[in-house]
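Structure first, then comments.
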Amino acid sequence: MEKKAFVTKDMVENIVKKYPTPFHIYDEKGIRENAKALKEAFSWNKGYKEFFAVKATPNPFILKILHEYGCGTDCSSYTELMLSDACDIRGEDIMFSSNDTPAEEFEYAAKLGAIINLDDFTHINFLEKTIGYIPETISCRFNPGGYFSIANSIMDNPGDSKYGFTKDQMFEGFKVLKEKGAKKFGIHSFLASNTVTNEYYPTLARQLFELAVELRDKTGADIKFINLSGGIGIPYRPDQEPNDIKVIGEGVRKAFEEILVPAGMGDVAIYTELGRFMLAPYGHLVTKALHEKHTHKEYIGVDACAANLMRPAMYGAYHHITVLGKENAPCDHTYDITGSLCENNDKFAIDRQLPKIDLGDYLVIHDTGAHGFAMGYNYNGRLWSSELLLKEDGSVQLIRRAQEPKDYFATFDCFPIYEKLKNK
Ligand SMILES: *Cc1c(COP(=O)(O)O)cnc(C)c1O
């Protein structure tokens, strides 16, 4: 599929008059249409709910747009809970899916009335000790171990992942929780990440539905929801076929009707905690070509760096690049596109075929709407960029200003940098 930027050169030339590069920009129209399509794909399920994985794009403006489509939040830390709380998203609109959880985070989640999704059997006692009771509604995260395969091809390796209860622990856990007063149960599992196949959710659903029937039969637990979590991916590469959310929804429905309905569990709600699928395609990192360098290779240095988008440096992830204004020019140059970090892995692209890039050209790095800005860090004293929202009417709203040196130095109460500089 051809990858087209949702901004043009003219638009960016206008935007930079007010908000200089680099910046992340999000496409409100795309976000809304996708959220609507997801909701429709699962509308067959009465209790269906998406809990947006806040870690993917922790911005209140984004959370509020998604909330309009019935999305709650999936939080896993204190500050993510604070964000949700500040957006007036509370109670059972929050799924608290954390691991290695500090006591004060369980306390805050309980205070907000969030649904707590336990990552480990030992967390049952830890939670009870921490908040003094076991909530009526409780969820447990399942990890079957081994490999997760679809049609004989290995998708991921849950046996090597730190998350979740084993199958035996799920049975024991539900029993213990029930004794301690839990009344409504949920099952959660996340077995493969960034899947670009319509089969992931239906395959996972089948496993969880079968487990749910067994759990109900053996423990008598009243299972209210099954949380398929995240993992639906997006086509980062132009040659990948995008997922079809309608087909995915229908695949889950088929499994539901084959397994849960005959078991008398047709009122179970389906929950999801998608992050990447909700936001990734609707974000661009826009950056400007600052330098060209001809040594052993051809380099273009841009004004963004891995501190603004870590995925290429961290995972070798592919992010498509469009040179604005040269969308139709032949890709007859081979470049490494680099940032300024003193780290040789600070490259947005390696040996990428692109049109000839001139200094001052604007580059769009695609699919940065999820796990993009959010993974930003301050290595080398590099600062976070701004975040902008391209509204449906074509206007642009600042939804987070760029970091300034004062923000970077803000935690030096013990060594007031600005006071020192004044004396020079
Ligand atoms: C990261 C995460 C998600 C979202 O994953 P995506 O790959 O962005 O869909 C959902 N649930 C949990 C518990 C996660 O850790």
Side-chain angles (χ1 to χ4, degrees), residues 26 31 34-35 37-38 41-42 49-59 62-63 66 71-81 83-84 93-101 105-106 109 114-120 123 138-143 148 155-158 160-165 186-198 200-201 203-205 208 225-236 240 242-243 245 248-249 252 270-283 309-311 314-315 317 319 367-375:
Y26 305 98
I31 295 169
N34 186 61
L38 172 73
F42 284 91
K49 194 174 187 74
E50 152 73 2
F51 297 83
F52 175 63
V54 174
K55 75 164 189 258
T57 323
N59 188 300
I62 301 291
L63 301 189
L66 293 174
C71 302
T73 53
D74 160 30
C75 301
S76 65
S77 66
Y78 201 88
T79 47
E80 287 178 2
L81 287 168
L83 262 181
S84 188
D93 276 353
I94 303 176
M95 183 67 60
F96 187 58
S97 277
S98 67
N99 70 95
D100 188 21
T101 315
E105 300 190 1
F106 274 139
I115 302 174
I116 292 177
N117 179 37
L118 297 171
D119 180 66
D120 186 47
H123 291 194
I138 193 89
S139 173
C140 295
R141 181 169 184 164
F142 172 54
N143 181 342
F148 181 76
M155 303 290 296
D156 222 317
N157 182 3
D160 207 27
S161 120
K162 66 174 176 171
Y163 306 109
F165 293 51
I187 302 171
H188 170 284
S189 197
F190 189 164
L191 299 186
S193 197
N194 191 29
T195 59
V196 192
T197 156
N198 293 329
Y200 170 63
Y201 257 13
T203 307
L204 172 67
L208 296 184
F225 60 88
I226 290 172
N227 185 345
L228 302 176
S229 183
I232 297 189
I234 61 132
Y236 285 98
Q240 286 177 302
N243 287 318
I245 197 63
I248 292 173
V252 175
I270 301 298
Y271 291 168
T272 57
E273 292 173 347
L274 297 167
R276 195 184 314 271
F277 180 78
M278 302 307 286
L279 252 298
Y282 315 110
L309 176 69
M310 196 199 239
R311 298 186 73 260
M314 189 172 181
Y315 312 119
H319 279 266
D367 301 318
T368 65
H371 313 298
F373 179 95
M375 289 172 87

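It should be emphasised that the depicted structure is a prediction, and the values quoted were computed from it without experimental measurement. Counting starts at 1 for both ligands and their atoms, in listed order.
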> Hey, does G231 come in under 3.5 Å of ligand 1, counting only N/O atoms on both sides?
Replying inline: yes
>> Any atom of ligand 1 sitting under 4.0 Å from a heavy atom of M278?
In response: no
> Is ligand 1 under 4.0 Å from a heavy atom in the side chain of D74, in the backbone, in both, or in neither?
Replying inline: side chain
> Looking at R141, which atoms of ligand 1 are within less than 4.0 Å of one of its heavy atoms?
Replying inline: 13 (C)
>> Quick check on the 6.0 Å ring-centre criterion: do Y163 and F190 meet it?
In response: no
> Is there any N or O on G275 that sits under 3.5 Å from an N or O of ligand 1?
Replying inline: yes
> How close does the nearest protein non-hydrogen atom get to atom 11 (N) of ligand 1, and which residue and atom is it?
Replying inline: E273 OE1, 2.7 Å
> Within the structure, does H371 bring an N/O atom to less than 3.5 angstrom of an N/O atom in ligand 1?
Replying inline: yes
>> If we set the cut-off at 4.0 Å for heavy atoms, which region of F277 has an atom near ligand 1: side chain, backbone, both, or neither?
In response: neither
> Going by the atom numbers of ligand 1, which of them fall below 4.0 Å from some non-hydrogen atom of R276?
Replying inline: 6 (P), 7 (O), 8 (O), 9 (O)
> For the rings on F142 and H188, is their centre-to-centre separation under 6.0 Å?
Replying inline: no
> Backbone, side chain, both or neither: what part of A56 comes under 4.0 angstrom of ligand 1, heavy atoms only?
Replying inline: neither
>> Closer than 4.0 Å to some heavy atom of K55 - which atoms of ligand 1 meet that?
In response: 1 (C), 2 (C), 3 (C), 14 (C), 15 (O)
